[in-house]
Amino acid sequence: MTQGTSTRRGDRSRPRVGPLAAHPSPAPDLDVDALIDDPATRIIVCTGSGGVGKTTTSAALALRAAERGRSVVVLTIDPARRLAQSMGIEELDNTPRPVAGVEGPGGLDAMMLDMKRTFDEVVESQATPEKARQILENPFYIALSSSFAGTQEYMAMEKLGQIDAAARRDGTYDLIVVDTPPSRSALDFLDAPERLSSFLDGRFIRLMLAPARGPARLVTAGLGLVTGALIKILGAQVLTDLQTFVAALDTVFGGFRQRAQRTYALLQAEGTAFVVVAAPEPDALREAAYFVERLRGDRMPLAGLVVNRASPAAYDDLDADEAMAAAQRLRTRGDHELGAGLLRLHADRVRLVQREAGLRARFAAAHPDVPTTTVPALAGDVHDLDGLRRIGDLLGSAPATG
Amino acid sequence: MRRTDWSEVQLHVVTGKGGTGKSTVAASLALALAAEGRQVLLCEVEGRQGIARMFDVDPLPYAERRIATGLAGPGAGSTQGRPGTVHALHIDPEAALLEYLALYYKLGRAGRALDRFGVIEFATTIAPGVRDVLLTGKVYEAVQRNSRNKGAVQYDAVVLDAPPTGRITQFLNVSDELAGLAKVGPIRAQSDTMMTLFRSPRTAVHLVTVLEEMPVQETADGIAQLREAGLPVGAVVVNQVRPQDVAPDDLADALAGRLDRSRLGADLESAGIEVTDALLDGLVAEARDHAERRALEDAQRRLVADFDVPVVELPRLAGGVDLGGLYDLAATLDEQGLR
């Protein structure tokens, strides 16, 4: 798409500043500004494992895009309280609200996902009021809609589909930025729709429905065994609740499956861009690598990788071992606290920077064609628009374009 | 920092926000507990094979495997210093359910039939409560090992690398989770028995955090939720703490941008380093960054101190956490009395 300009040889051979300075990486740079400025980019999905700063990255991207002229809505999942407050979305009402304090020509709305409410609305739109009420009150539905592993992912996609349809219909937004749930694994997010539909298609569900469907169906020995075991473990009441639930949900199954497929197609469509977010840690980068491969396998459009929270560059003319040895010499002699302390700090920082550069280089070696940008860690947490702007500036000013 | 006696605790549950290093802490704690010939079991429940990676062994099956020798005590060589053993177990809910059915209901054949009909997938997918009961049920069995499980290792302590802080109370509070689904019946009775262990002083839930705003806030929320549910809060483990070897006065100067360059220059020269302006600038800038971070860390540390919970601190390992690093962290936990 738009990465062409930043991958020219000339750009890459220019001297770099920042954490990668001492370790040129073969990866092309991710040009974030080109991505968010391109009117063809309609949806940006930020994904990655938990604790890497996905929410902050998506909010910063959305704000930057808005201040560069786009009409943006950002869908967040679980923002930090103060960040949510600063964006005016501490109330969970499942509707985008305008963010105050955005500068420039564009606009920014934000919303926080209410998973249960989104699920309830899907049920209500798919079933008769009577049927819907039955489903909404069933204890299994309550468990499924409020804590099923994957419901959050599925509902985030559902909401994305709704906002996208409304945006196309009414021209309200020309860019949707989606944060994904803080799952243990980034893959949960792509697998959720598939898991939910395969679950609803499962043998057991069909088994539970069998008595209600087929006239005078023979109860096989296997089924008797299963039912017997279930009653033994769960008790008869639970089994009855379960049967009621499954029967009621059956009427809306088709709807769920169709919606899951539609959302999947939306993710594959041109105009969608996945941004994989990671921290310079082995686990986070391993997740990112899985995810990149998975996106490729599913033919999903990958824009690139953002490595957040990189340690800021160290003074590079004194290596770690030398600094450590000098610190040791001062310590044994005593009375040179300041020098010894700062040398130790320097050694630590050099080691950290080298380790992170090594981790990134390994990722780049395995995925040489994934455009990457590195965002140095800020000293404090981000909880206002100014903080988001600073992150946006760091995201926008990719190392080689400055 | 309050020192506490943890020797009565048989089940150490380790939770923490994503990215704070809870798995590393759980592994180090297992090594620290496995001293003086003690047998320790380290369990993981999130299907990530993190233990196998940390200890550099093949992916773990659903079976207890000996993976490491514990921390050697100060009197190495004598009986007291003799290290113990760490076993590991990767608990997956489907295997746990089949085992549970065989063990408690003698449902060998029916269990497999359930699997064939997709019941197990169904149960573990739809009702996270059921899933959690199975996972915690296996942990419970390892702690309360009895004659039903013949020939199994008896553990002095079990360490659980648990789900993250946001989910931990729900995860351990199995009876409540099941309440909506199963009001009576055997699975309910089983979960009530488990709660008795989880709420007793034989269990401690440790929360791992780093000194940043969001993780500390989440830790505070987690502690409140655990207390409300009557679950015993153990220690707060502050992880990835930055080095502390710059004196407070110098830190304040670094922050204010008035660090004494001539003193620093003299120190460096006396260490045999060639002093240039660029070197001084570089070190002064690094000191300033560090001082900024330290100021933020100190503010968060004060909040952590207000939790009224024992606190232990672990250093950030600049080179990353390898097996050697785990033993270093274990020794640090041991020094601070968490063992």
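The chains referred to below are lettered A, B, ... by the order of the sequence lines, with proteins before strands, and numbering in each begins at 1.
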Interface moiety of [X] toward chain A, non-hydrogen atoms closer than 4.5 Å:
X        : result
B/Thr276 : side chain
B/Arg53  : side chain
B/Leu283 : both
B/Ile273 : side chain
B/Ala278 : both
B/Gln244 : neither

Considering only heavy atoms, which portion of [X] lies under 4.5 Å from any heavy atom of chain B: side chain, backbone, both, or neither?
X        : value
A/Leu343 : side chain
A/Asp348 : both
A/Ala326 : both
A/Ala347 : neither
A/Ala320 : neither
A/Glu337 : both
A/Leu338 : both

Inset, instruction - Write down the atom of A/Leu352, the atom of B/Ala318, and the distance for their closest heavy-atom approach. - result: CD1-O, 3.4 Å

Inset, instruction - For residues A/Gly339 and B/Asp267, report the shortest heavy-atom separation together with the two atoms involved. - result: N-OD2, 2.8 Å

Legend entry - Check against side chain to side chain contact (heavy atoms under 4.5 Å, CB included), A/Leu342 and B/Leu259: CA-CA 11 Å; A/Leu342 294 198; B/Leu259 209 55; 3.9 Å; yes

Legend entry - Backbone N/O of A/Tyr315 and side chain of B/Glu286: donor-acceptor pair under 3.5 Å: yes

Inset, instruction - Could you tell me whether a side-chain N or O of A/Arg329 sits under 3.5 Å from a main-chain N or O of B/Ala271, the two making a donor and an acceptor? - result: yes

Inset, instruction - Could you tell me which of B/Val246, B/Val321, B/Asp260, B/Asp281 has the largest number of non-hydrogen atom pairs under 4.5 Å with chain A? - result: B/Val246

Inset, instruction - Select, from B/Pro243, B/Ala254, B/Gly272, the one with the greatest count of heavy-atom pairs under 4.5 Å involving chain A. - result: B/Pro243

Legend entry - Winner by heavy-atom pair count (cut-off under 4.5 Å) against chain B, out of A/His346, A/His336, A/Arg333, A/Glu322: A/His336

At what distance, to the nearest 0.5 angstrom, does [atom1] of [X] lie from [atom2] of [Y]?
X        : Y        : atom1 : atom2 : value
A/Arg355 : B/Leu317 : CZ    : CG    : 9.0 Å
A/Arg349 : B/His290 : CZ    : NE2   : 10.5 Å
B/Leu268 : A/Leu318 : CG    : CG    : 8.5 Å
A/Thr55  : B/Met214 : OG1   : CE    : 6.5 Å

